[in-house]
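Written below as structure tokens is the structure these notes are about.
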Amino acid sequence: MAYVPGGGAPVAGAVPVGSQYCVCKVELSVSGQNLLDRDVTSKSDPFCVLFMENDGRWMEYDRTETAVNNLNPAFSKKFILDYHFEEVQKLKFALFDQDKSSMQLDEHDFLGQFSCSLGTIVSSKKVTRPLQLLNNKPAGKGLITIAAQELSDNRVITLSLAGRKLDKKDLFGKSDPFLEFCKLGDDGKWMLVHRTEVIKYTLDPVWKPFTVPLVSLCDGDTEKPIRVMCYDYDNDGGHDFIGEFQTSVSQMCEARDGVPLEFECINPKKQRKKKNYKNSGIVILRSCKVGIDFTASNGNPLDPSSLHYINPMGTNEYLSAIWAVGQIIQDYDSDKMFPALGFGAQLPPDWKVSHEFAINFNPTNPFCSGVDGIAQAYSACLPHIRFYGPTNFSPIVNHVARFAAQATQQQTATVPRQPASQKQARGQYFILLIITDGVISDMEETRHAVVQASKLPMSIIIVGVGNADFAAMEFLDGDSHRLRSHTGEEAARDIVQFVPFREFRNAAKETLAKAVLAELPQQVVQYFNYKNLPPTNSELP
């Protein structure tokens with residue numbers, strides 16, 4: 001029976017339909033741990049197949065190489081994907097034990113699979129999850145680890161290497177050497193970046209030049225250490241270690257055509273045992289070139305097709321939502337000074353991604369004067385930022401929750417009138433308005449943040465603009481169920497109200513405001529009842 005992921009026929013090489021503009025490219029690295037052993041006389045020979053969902057059907061996107069006789073493979077082949085942060089891009093990673101040379105998956109033993117969205121991986125940077133069989137039962141103790149690297153730096157590095165007098169590892173021949181390049185991950189472990197081809201029967205190999213993104217090799221940091229290991233290839237997967245050395249891109253850049261750079265290949269075990277040990281051969285870097293890859297395509301979010309595009313009438317869906325909701329909410333704020341924050345954008349001058357920035361570019365005083373001030377700050381910041389991703393809600397939720405936490409010291413629900421410079425959290429109820437066109441990338445973190453915030457004097461209003469899939473936000477809006485965090489902790493009360501703007505595009509602004517604010521009075525009362533703090537100020541909604 002053919003392996004059919006989710007009921008759709010796999011189509012080799014199929015590419016899913018994306019949005020008009022690609023935000024960036026993402027590189028996914030895959031490794032497995034404790035995979036099922038399907039071979040009788042040896043271990044499994046795993047390879048990974050990536051499927052992407054398109055119109056309800058799973059289509060094959062790409063495959064890794066096969067790791068021979070290995071239950072803990074680290075695949076050298078990377079999956080390069082166009083990442084559209086405003087879309088739900090569903091992925092399925094399926095592992096198989098290669099038994100034949102056939103490309104048909106039903107010719108190979110199934111080892112397990114894992115499904116998630118691309119946004120989940122990008123948001124977490126690295127995920128490790130258990131593998132499941134087709135009946136949703138655990139695939140033994142098998143795990144899969146997927147690491148994401150955003151290829152926002154379009155520099156590439158091209159290396160040309162050779163070896164000289166490498167150690168002889170084969171009893172009746174020479175060696176079959178290959179190299180592995182690894183970088184140091186955030187967890188302090190070495191992560192495979194690239195594996196060269198195997199050169200048969202030689203102690204003086206010459207490997208083909210290869211090119212990798214600079215951000216893949218060293219996260220764009222030319223001083224970051226790179227570990228290079230040399231092995232002798234064995235057909236049974238038990239590759240013999242020859243030696244290793246460490247370097248960096250800045251050091252390798254000293255190599256030029258005609259001026260090679262040489263590294264001693266050191267085997268630490270031999271070095272400790274033999275007093276006269278010198279090295280296990282030399283690895284020669286014949287040339288190193290850093291260049292720019294101009295093939296990456298980034299769309300222009302300020303194009304008229306963008307939701308952020310301000311039309312000739314001076315508005316867009318974001319501004320419409322700001323006006324409709326803000327004009328009602330501002331009546332309950334004594335000084336009408338509102339902190340306005342943005343997330344999911346690259347900011348000048350270093351263009352780092354921020355999930356918590358003041359749209360007036362004044363982090364020490366992010367307050368805007370009234371709804372007019374918010375709209376003006378939003379319009380003014382658009383030309384100076386680059387829209388990016390992913391859509392992470394938890395930093396903004398936690399930001400407001402930090403202020404709301406201070407208000408828990410209050411004894412009664414009095415609302416002091418204070419100027420913005422003296423605003424304190426004490427005695428206040430906080431309303432976080434989120435206007436977004438994207439799905440949530442950090443769902444687990446957001447669920448946890450909302451559950452924790454449910455104990456605080458705080459409500460969250462989410463207005464979804466555009467035509468994205470807002471199922472995750474409807475899930476946060478606990479009208480039909482009590483929200484739980486990924487740890488199982490239950491929310492103390494419902495504090496989220498979600499409204500899709502598309503349902504009110506042709507309605508009066510008052511209609512949208514009514515729908516958005518419908519649950520707010522009840523949420524405020526629920527909080528004070530929860531804390532046994534009767535409200536004493538009629539200004540509360």
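- Of the possible polar contacts, none joining the Asn360 side chain to the Gln376 backbone as a donor-acceptor pair under 3.5 Å is found.
- Contact check for Leu118 versus Phe79: no side-chain heavy atoms found under the 4.5 Å cut-off.
- Using a 4.5 Å cut-off on side-chain heavy atoms (C-beta onward), Asp494 and Asp477 make contact.
- Defined by atom type and a distance below 3.5 Å, a donor-acceptor pair is missing between the side-chain atoms of Ser459 and Gln497.
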Please report the C-alpha distance between Leu81 and Leu91 in whole Å, then the side-chain angles of each, then the deciding distance to 0.1 Å, and finally whether the side chain to side chain contact (heavy atoms under 4.5 Å, CB included) criterion is met. CA-CA 11 Å; Leu81 305 176; Leu91 308 181; 4.0 Å; yes

Between Thr145 and Gln33, is a side-chain hydrogen bond (donor to acceptor under 3.5 Å, both in side chains) present by the stated rule, with each step listed? CA-CA 8 Å; Thr145 297; Gln33 301 87 43; 3.3 Å; yes

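- Contact record, Phe475 with Met443: CD2-CE, 3.3 Å, taken as the closest heavy-atom pair.
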Give the C-alpha distance, both sets of side-chain angles, the deciding distance and a yes or no for side chain to side chain contact (heavy atoms under 4.5 Å, CB included) between Tyr527 and Ile495. CA-CA 9 Å; Tyr527 170 74; Ile495 65 169; over 6 Å; no

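- In this structure, CZ in Phe403 is found 11.5 Å from CE in Met458, a value given to the nearest 0.5 Å.
- Taking OG of Ser123 as the start and CD of Glu445 as the end, the distance is 5.5 Å to the nearest 0.5 Å.
- Taken to the nearest 0.5 Å, the CG atom of Leu214 stands 9.0 Å off from the CG atom of Asp221.
- Summarising the geometry, atom CG belonging to Asp186 is positioned 7.0 Å from atom CG belonging to Asp219; distances are rounded to the nearest 0.5 Å.
- Thr64 contributes a side-chain N or O that, together with a main-chain N or O of Cys48, makes up a donor-acceptor pair within less than 3.5 Å.
- Looking only at side-chain heavy atoms (C-beta outward), Phe361 and His384 come within less than 4.5 Å of each other.
- Put simply, CG on Leu95 and CZ on Phe110 are 8.0 Å apart, with the number rounded to the nearest 0.5 Å.
- Put simply, the side chain of Glu27 never gets that close to the backbone of Lys78: no donor and acceptor are under 3.5 Å apart.
- Between the side chain of Tyr61 and the backbone N or O of Ile80, at least one donor-acceptor pair lies under 3.5 Å.
- Put simply, the side chain of Phe93 reaches to within 4.5 Å of the side chain of Leu28, judged on heavy atoms.
- Side-chain N or O atoms of Arg447 include none that pairs as donor or acceptor with a backbone N or O of Leu476 at under 3.5 Å.
- Within the 4.5 Å cutoff, the side chain of Asn316 has heavy atoms near those of the Tyr378 side chain.
- Of the possible donor and acceptor atoms, none in the side chain of Arg129 sits under 3.5 Å from a partner among the backbone N and O of Ile144.
- Two residues are said to be in side-chain contact when any heavy atoms from C-beta on lie closer than 4.5 Å; Glu356 and Asn398 fail this criterion.
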For side chain to side chain contact (heavy atoms under 4.5 Å, CB included), just list the numbers for Ile121 and Gln89, CA-CA rounded to whole Å, side-chain angles, deciding distance to a tenth of an Å, and then say yes or no. CA-CA 11 Å; Ile121 303 172; Gln89 295 173 264; over 6 Å; no

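- With hydrogens and angles ignored, the 3.5 Å screen pairs a side-chain donor or acceptor of Arg493 with a backbone N or O of Ser454.
- Taken from CD1 in Ile385 to CD1 in Ile359, the straight-line distance is 9.0 Å, to the nearest 0.5 Å.
- Side-chain rings of Phe47 and Phe75 stay apart, their centers remaining 6.0 Å or farther from each other.
- Looking at heavy atoms from C-beta onward, Phe114 lies out of side-chain contact with Val30 at the 4.5 angstrom threshold.
- When side chains are defined from C-beta on, Phe501 does not count as touching Ile435, because their heavy atoms never get closer than 4.5 Å.
- Contact record, Cys368 with Ala340: SG-CB, 3.9 Å, taken as the closest heavy-atom pair.
- No hydrogens or angles considered: a donor-acceptor pair under 3.5 Å links the side chains of Asp442 and Thr446.
- Under the 4.0 Å criterion applied to side-chain N and carboxylate O atoms, Lys126 and Asp187 are assigned as salt-bridge partners.
- In this structure a side-chain-to-backbone donor-acceptor pair under 3.5 Å is missing from Lys90 to Ser115.
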Decide yes or no on side chain to side chain contact (heavy atoms under 4.5 Å, CB included) for Met191 and Lys183, but give the supporting numbers first. CA-CA 5 Å; Met191 176 181 171; Lys183 70 177 178 182; 4.2 Å; yes

